[in-house]
Amino acid sequence: MAEFRISGIWLDSEGVITHYAVHTREKNSEGDSYIIGFAQKYTKQAAVDLLLKQGNTAKTYLWNYSQKKWTAGAEVQVTSGKPLFLKSNPDSTERDNLLHLIDYGYIFK
């Protein structure tokens with residue numbers, strides 16, 4: 001059972017998500033706060049597989065410009081389809097939508 005945050009995406013030439021920037025979220029050694037790991041680039045399928053593991057959860061991870069810090073956003077779930085894909089909570093705001101996360105393709109390959 002593990003917790004994750006998704007801070008960004010990579011898109012192909014047609015604007016379809018190909019990869020996600022996934023961070024681990026773990027309690028610190030004292031157990032009184034959390035440590036968010038550095039982003040790891042996951043393929044779409046690897047991210048789906050990660051969240052299909054029983055007990056694993058994820059939320060979007062949003063940069064709050066006014067507070068100058070990262071904050072947790074909407075829950076991310078695996079949605080049925082062929083193939084399976086990730087989707088943020090449908091009741092959340094547009095800023096939590098996975099396509100509105102940082103496009104890391106402009107920063108990293």
Side-chain angles (χ1 to χ4, degrees):
M1 184 162 121
E3 290 183 57
F4 300 92
R5 297 291 182 259
I6 298 176
S7 65
I9 57 174
W10 281 263
L11 303 171
D12 66 13
S13 61
E14 296 178 15
V16 176
I17 295 172
T18 61
H19 294 79
Y20 296 97
V22 179
H23 307 255
T24 57
R25 180 179 186 256
E26 300 174 311
K27 284 215 176 230
N28 67 4
S29 58
E30 292 81 29
D32 58 0
S33 65
Y34 289 90
I35 298 170
I36 306 294
F38 290 110
Q40 300 291 317
K41 186 177 181 180
Y42 278 69
T43 64
K44 185 186 289 189
Q45 186 60 54
V48 166
D49 292 343
L50 185 71
L51 292 184
L52 284 175
K53 291 182 182 172
Q54 187 169 1
N56 283 359
T57 61
K59 290 185 178 185
T60 56
Y61 202 38
L62 309 169
W63 180 252
N64 184 315
Y65 286 92
S66 61
Q67 295 180 4
K68 299 178 190 141
K69 67 177 187 174
W70 291 95
T71 58
E75 288 189 38
V76 177
Q77 302 160 348
V78 176
T79 300
S80 60
K82 294 192 179 206
L84 298 173
F85 61 95
L86 299 184
K87 183 173 179 144
S88 58
N89 185 332
D91 297 330
S92 295
T93 63
E94 188 171 295
R95 69 181 174 80
D96 283 334
N97 183 302
L98 294 171
L99 278 172
H100 285 81
L101 295 176
I102 295 169
D103 181 353
Y104 282 118
Y106 287 109
I107 304 168
F108 304 107
K109 284 288 174 191

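All figures in this text were calculated on a predicted structure; none of them were measured in a lab.
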Pairs touching residues 17-33 that satisfy salt bridge (Lys or Arg N to Asp or Glu O under 4.0 Å), sequence neighbours left out = Glu3-Arg25

Are Ile6 and Leu84 connected, step by step, through hydrophobic side chains (Ile, Leu, Val, Met, Phe, Trp, Tyr) whose heavy atoms are closer than 4.5 Å?
-> yes

Roughly how far apart are Leu99 CG and Asp103 CG, rounded to 0.5 Å?
-> 9.5 Å

In this structure, OH of Tyr20 is separated from CG of Leu101 (nearest 0.5 Å) by 9.0 Å

What's the spacing between Thr24 OG1 and Tyr34 OH if we round to 0.5 Å?
-> 12.5 Å

Rounded to the nearest 0.5 Å, what separation is found between the OG1 atom of Thr57 and the CD atom of Glu75?
-> 7.5 Å

Considering all heavy atoms of both residues, which atom of Gly73 and which atom of Leu62 are nearest to each other, and what is their separation?
-> CA-CD1, 4.0 Å

Hey, quick one: are Tyr61 and Tyr65 part of the same hydrophobic cluster, counting side-chain heavy atoms closer than 4.5 Å, chains of contacts allowed?
-> yes

Same cluster or not: are Val78 and Val76 linked, directly or through other Ile, Leu, Val, Met, Phe, Trp or Tyr residues, by side-chain heavy atoms under 4.5 angstrom apart?
-> yes

Side chain to side chain donor-acceptor pair (under 3.5 Å) contacts touching residues 38-47 (sequence neighbours left out) = Gln45-Asp49

Hits for side chain to side chain donor-acceptor pair (under 3.5 Å) against Ser33, two or more places apart or cross-chain, chain-then-number order -> Asn28

Not counting sequence neighbours, which residues clear side chain to side chain contact (heavy atoms under 4.5 Å, CB included) with Gln67? List them please.
-> Asn64, Lys69, Thr71

Look at the side-chain heavy atoms of Ile, Leu, Val, Met, Phe, Trp and Tyr, link any pair under 4.5 Å apart, and say whether Leu86 and Leu52 land in one connected group.
-> yes

Just how far is it from atom CZ of Arg5 to atom NZ of Lys59, taken to the nearest 0.5 Å?
-> 5.5 Å

For residues Ser88 and Thr60, report the shortest heavy-atom separation together with the two atoms involved.
-> CB-CG2, 4.4 Å

What heavy-atom pair brings Phe85 and Val48 nearest, and what distance separates the two atoms?
-> CA-CG2, 3.9 Å

Transitively linked via ILVMFWY side-chain contacts under 4.5 Å: Phe38 with Leu50?
-> no

Exercise answer: donor-acceptor pairs, residues 7-14 side-chain atoms, under 3.5 Å, sequence neighbours excluded:
unit_1	atom_1	unit_2	atom_2	d
Ser7	OG	His23	NE2	2.7
Ser7	OG	Tyr104	OH	3.0
Trp10	NE1	Phe108	O	3.0
Asp12	OD1	Glu14	N	2.9
Asp12	OD1	Gly15	N	3.1
Asp12	OD1	Val16	N	2.9

